[in-house]
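Remarks on the structure that follows.
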Amino acid sequence: VPLDLLQFFSELIEQERETVGEHHELIFKITGNTKGFWGDRGLLQQIFVNLMSNAIKYSPEGGAIEFHLIGKESQVMFSIKDQGIGIPIADQENLFQSFSRGSNVDTIPGTGLGLAISKACVDLHGGNITLSSQVGQGTKFIVSLPKNGKGEMGKG
Ligand code: ATP
Ligand code: MG
């Protein structure tokens with residue numbers, strides 16, 4: 001059966017809401033038709049948790065974090081946008097490699113594996129992950145995944 005992404009991400013967001021409490025404002029936006037997606041819950045959760053934990057870790061108390069789920073004809077996209085410290089341009093290119101960390105996170109602990117894991121999960125889905133970021137302004141990661149599976153094949 002296809003995955004009900006609306007329900008799936010609603011639950012993850014609600015869990016996250018309990019964790020972040022008053023520290024961050026979580027915004028959940030949905031656009032378009034997200035039905036007909038075939039994919040793996042474990043991989044999707046892995047992507048979500050890594051991107052969300054970064055958004056929380058690298059943004060200040062009170063910063064809003066927006067999760068936007070977008071359904072298109074043959075793909076779904078989701079983005080996670082924060083109002084955090086941002087990523088220097090020079091660091092952006094290599095960020096998806098294992099153990100790669102930004103030059104502005106010295107005092108914030110981390111291993112540098114979260115994004116590499118996320119990218120691997122996105123690749124397994126045949127999807128794509130990109131980012132846009134400005135230092136001191138915030139960061140947005142965008143994941144796009146083909147709906148694929150039976151949905152696509154079913155169209156013959
Ligand atoms: P961990 O393995 O525990 O996740 P990490 O957070 O350092 O450690 P990644 O999640 O792979 O590793 O992120 C790599 C680097 O990308 C981070 O160290 C940070 O420099 C930068 N980064 C990722 N997400 C954000 C974000 N939302 N805002 C600012 N910098 C970010
Ligand atoms: Mg991380």
Side-chain angles (χ1 to χ4, degrees), residues 3 5-32 34 37-72 75-148:
L3 233 171
L5 286 178
L6 240 162
Q7 161 141 18
F8 180 78
F9 282 119
S10 299
E11 281 172 19
L12 289 179
I13 294 274
E14 285 323 308
Q15 280 175 32
E16 210 63 56
R17 233 187 260 291
E18 283 169 29
T19 317
V20 300
E22 310 271 283
H23 299 290
H24 292 279
E25 185 194 351
L26 288 188
I27 300 158
F28 185 20
K29 283 194 355 186
I30 303 138
T31 310
T34 61
F37 175 80
W38 294 72
D40 183 88
R41 288 168 179 274
L43 292 179
L44 279 188
Q45 181 163 356
Q46 192 69 247
I47 300 166
F48 176 87
V49 166
N50 285 319
L51 295 181
M52 189 56 84
S53 71
N54 282 346
I56 293 166
K57 178 158 74 164
Y58 300 114
S59 58
E61 183 90 21
I65 298 170
E66 182 184 289
F67 179 87
H68 191 177
L69 176 63
I70 304 157
K72 298 258 176 78
Q75 62 169 350
V76 290
M77 301 169 74
F78 62 87
S79 61
I80 299 186
K81 187 170 89 180
D82 66 53
Q83 301 173 326
I85 61 173
I87 303 167
I89 303 252
D91 302 329
Q92 291 181 13
E93 194 181 345
N94 298 318
L95 229 49
F96 294 100
Q97 289 170 19
S98 297
F99 306 114
S100 159
R101 303 201 71 216
S103 52
N104 58 336
V105 295
D106 287 349
T107 58
I108 309 169
T111 314
L113 283 174
L115 284 181
I117 293 167
S118 300
K119 169 100 169 77
C121 296
V122 169
D123 286 346
L124 283 167
H125 269 102
N128 209 36
I129 179 167
T130 59
L131 73 99
S132 61
S133 181
Q134 244 185 311
V135 171
Q137 299 286 309
T139 301
K140 181 181 183 181
F141 282 89
I142 304 172
V143 174
S144 53
L145 306 168
K147 284 188 177 174
N148 250 344

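Keep in mind the model is a prediction, meaning the values are calculated, not measured. Start at 1 and go down the list; that is how both ligands and their atoms are numbered.
Summarising the contacts of atom 21 (C) of ligand 1 with Leu131, Leu95, Asp106, the nearest heavy atom is found in Leu95. Between Tyr58, Phe96, Phe99, it is Tyr58 that holds the heavy atom closest to atom 5 (P) of ligand 1.
Looking from atom 7 (O) of ligand 1 to the surrounding protein, the closest heavy atom is Arg101 NE, 2.6 Å. In terms of protein heavy-atom proximity, atom 27 (N) of ligand 1 is closest to Asp82 OD2, 2.8 Å. The closest protein non-hydrogen atom to atom 20 (O) of ligand 1 is Gly102 N, 2.7 Å. Of the protein's non-hydrogen atoms, the one nearest atom 23 (C) of ligand 1 is Asn54 ND2, 3.5 Å. Scanning all protein heavy atoms for the shortest distance to atom 3 (O) of ligand 1 gives Thr111 N, 3.5 Å. Closest to atom 30 (N) of ligand 1 among all protein heavy atoms lies Ile87 CG1, 3.2 Å.
With a cut-off of 2.8 Å, the protein N/O/S atoms near the Mg ion (ligand 2) add up to 1.
Here the side chains of Ile65 and Glu16 are not in contact, with every heavy-atom distance at 4.5 Å or above. Side-chain contact between Leu115 and Phe141: present, with at least one pair of heavy atoms (C-beta onward) separated by less than 4.5 Å.
Using a 4.0 Å cut-off to heavy atoms of Gly110, the atoms of ligand 1 that qualify are 3 (O), 7 (O), 8 (O). Each of the atoms 1 (P), 2 (O), 5 (P), 7 (O), 8 (O), 11 (O), 12 (O) of ligand 1 lies under 4.0 Å from some heavy atom of Gly112. Residue Lys57 has at least one heavy-atom neighbour below 4.0 Å for each of these atoms of ligand 1: 3 (O), 5 (P), 6 (O), 8 (O).
Note that the CG atom of Leu145 and the CG atom of Asp40 stand 11.5 Å from one another [nearest 0.5 Å]. Rounded to the nearest 0.5 Å, atoms CE (Met52) and CG (Leu12) are 8.5 Å apart. Taken to the nearest 0.5 Å, the OH atom of Tyr58 stands 11.0 Å off from the CG atom of Asp82. To the nearest 0.5 Å, atoms CD (Gln134) and OG1 (Thr139) are separated by 10.0 Å.
Counting only distance, with no hydrogens or angles, the side chain of His23 and the backbone of Glu61 share no donor-acceptor pair below 3.5 Å.
Contacts between Val105 and ligand 1 below 4.0 angstrom, taking non-hydrogen atoms only, involve the side chain exclusively.
Of all heavy-atom pairs spanning Lys72 and Lys147, the tightest one is O-NZ, 2.8 Å. Between Ile142 and Met77 the shortest heavy-atom distance is CG2-CE, 3.8 Å.
Every N/O-N/O distance between Asn104 and ligand 1 stays at or above 3.5 Å. Of the N or O atoms in Leu115, one or more lie within a sub-3.5 Å distance of an N or O in ligand 1. At least one N or O atom of Leu113, backbone or side chain, sits closer than 3.5 Å to an N or O atom of ligand 1.
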Quick one: do Leu51 and Ile129 satisfy side chain to side chain contact (heavy atoms under 4.5 Å, CB included)? Show the steps, please.
-> CA-CA 11 Å; Leu51 295 181; Ile129 179 167; 4.3 Å; yes

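Among Phe37, Phe28, Phe78, the single residue meeting the ring pair (Phe, Tyr, Trp, His ring centres under 6.0 Å) criterion with Phe9 is Phe78. Partner of Glu66 under the side-chain contact (heavy atoms from CB on, under 4.5 Å) criterion, out of Glu25, Lys140, Lys29: Lys29 alone.
Residues Phe48 and Phe67 place their aromatic rings such that the two centres sit under 6.0 Å apart.
Gln15 and Glu11 share no side-chain donor-acceptor pair at under 3.5 Å.
The shortest separation from a heavy atom of Phe141 to ligand 1 is under 4.0 Å, placing the residue in contact. A heavy-atom separation below 4.0 Å is not found between Asn50 and ligand 1. Between Ser100 and ligand 1 there is a heavy-atom distance shorter than 4.0 Å.
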Name the atoms and distances for all side-chain donor-acceptor pairs under 3.5 Å in residues 83-94, with sequence neighbours left out.
unit_1: Gln83; atom_1: OE1; unit_2: Ala64; atom_2: N; d: 3.0
unit_1: Asp91; atom_1: OD2; unit_2: Ser103; atom_2: N; d: 2.8
unit_1: Asp91; atom_1: OD2; unit_2: Ser103; atom_2: OG; d: 2.7
unit_1: Gln92; atom_1: NE2; unit_2: Ile87; atom_2: O; d: 2.9
unit_1: Gln92; atom_1: NE2; unit_2: Ser133; atom_2: O; d: 3.4

